[in-house]
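Encoded as C-alpha cells, the structure appears first; notes follow it.
Both ligands and their constituent atoms are indexed starting at 1 by order of listing. We number each residue from 1, following the sequence as shown. Hydrogens, waters and symmetry mates are skipped; everything else that's a heavy atom, side chains included, is used.
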Amino acid sequence: MSKIIVIGSMNMDIVNHVENHPQPGETIKGWGTAYHPGGKGANQAVAAARSGGQVVMAGAVGTDSFAGKLVSTLQDEGIHTDFILKKEGTSGIAFITVDSSGENTIILSEGSNGKFMPDDLVRIFGMLESGDIILAQNEIPWQTTEYAIQTAHKKGVHVILNPAPAVKVPKQLFPLIDTLILNETEVEAITNTPVPDINQARMAAKQLNESGIKEVIITLGKNGSLYRNQEGLDIFTPSFSVNAVDTTSAGDTFIGAFAVESGLGHPIQECLQYATAAAALAVTLKGAQSSIPTREKILAFLK
Ligand code: ATP
C-alpha cells in the first residue's frame, strides 16, 4: 500500500464564543473556550487515516504546552509522527471567535509551522518510495512546499497539491504536479479568472492541464466538483444532498479521502464519488477533525 506523506501545518484552534465581536480597544466577556487540534495539514492527514490510509505527517510543532496534544491527537489516529519536528517557540495557533449569529473571526498565528524549512525534509525524503503520495498545502513556508514538490517528482512520488490558503503557484512547477485540488477562490488566484459556474471551472481546469498539471479537481462547495485530466477526461460529480450544519473542513476531508482512494488505484469515478461522500458526511456534523468520517461510515453511506 502506498504511503501518504502529508507535508503541512498543525494548529491548535482556540475557539471562543461571544455575543458580539469586540470593537478595537474593547474588552468583552466570552464563554465556552474550547481547544481543537486543526490545521490543513493535520486535518487532511486525519481524513486520510480515517479512510484507512497509511499516513505519515511531516511538519513542526513548538516547545509550548500545545505541542504534545497536537502530536498525540495524530498518533491516536494511527498516523506516523516521527517526522514531526520541535521548533523553539509556540506551535501554530488559530484564535477563533464566533458571535451569536455564527459569524467568525480568525487570527492565524503560524508559530512553528512557519519554521518548517526545506532542510527539515531531508530525513523524510530518504524513506520515500515511488508509488508513495505526497500531500501538500500552503500553511507552511512556500519554499518548503516547492522543494517538496520538486524532490518528490524526481523520486517518482505522486504529488497532490492543495494550494490553500490561495497562493499563486509558479508556472514552472505545473508539470511537476500530478493532482491539483482547489476551490473556486484558489483557482481564481492561480488563473486570474473567476469561476462563477461549471463552464468557467471547465475552462480553468483545461487551461491548467494545458500548462502541465496532469489532473485538476475544482471543488465547488455544495455544487460538487469538476475533475479534468490532460487526456481531456472531464467528470462532474454533484454533491450529495445532506443537512449541512458546518462546512468547515469539507475540502480537507475530500482531499484526504481522495488521496487514499487514488493510492488504492481505484477508477477515478469511484475515487471522486468516495471523496464526495466523505465531504458530505463531514458537513453534517459540527467541528473540523471531529466531523471527519471513517471509511466504514463512508462506505455505508454510499450503499
Ligand atoms: P473548506 O475550506 O471549508 O475545507 P473548501 O472550500 O476547500 O472547504 P468546498 O469546495 O467547499 O471545499 O467543498 C469540498 C467538497 O465538499 C465539495 O466538492 C462537495 O463535494 C462537498 N461539500 C461542500 N459543501 C457541501 C454541502 N453543503 N453539501 C454537501 N456536500 C458539500
Considering both backbone and side-chain atoms of [X], is one of its nitrogen or oxygen atoms within less than 3.5 Å of a nitrogen or oxygen in ligand 1?
X	value
Gly224	yes
Thr247	yes
Asn183	yes

* List every atom of ligand 1 that sits less than 4.0 Å from any heavy atom of Thr276, numbering the atoms from 1 in the order shown and giving each element. =>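 In order of numbering, the contacting atoms are 20 (O).
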* Heavy-atom nearest neighbour of atom 19 (C) of ligand 1 within options Gly221, Ala279, Ala164 -> Gly221
Heavy-atom pairs closer than 4.0 Å: do any link ligand 1 to the side chain of [X], the backbone, both, or neither?
X	result
Thr219	both
Ala244	side chain
Thr237	neither

Heavy-atom nearest neighbour in the protein, as seen from [atom], with distance rounded to 0.1 Å:
atom	answer
atom 1 (P) of ligand 1	Gly251 N, 3.7 Å
atom 26 (C) of ligand 1	Lys222 CB, 3.7 Å
atom 29 (C) of ligand 1	Phe240 O, 3.3 Å

* Asked: Would you say the side-chain atoms of His158 and Thr179 include a donor-acceptor pair closer than 3.5 Å?
  ->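 Judged by distance alone, the side chains do pair up.
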* Asked: Out of Leu272, Thr276, Thr219, which residue meets the side-chain contact (heavy atoms from CB on, under 4.5 Å) rule with Phe258?
  ->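 Among Leu272, Thr276, Thr219, the one meeting side-chain contact (heavy atoms from CB on, under 4.5 Å) with Phe258 is Leu272.
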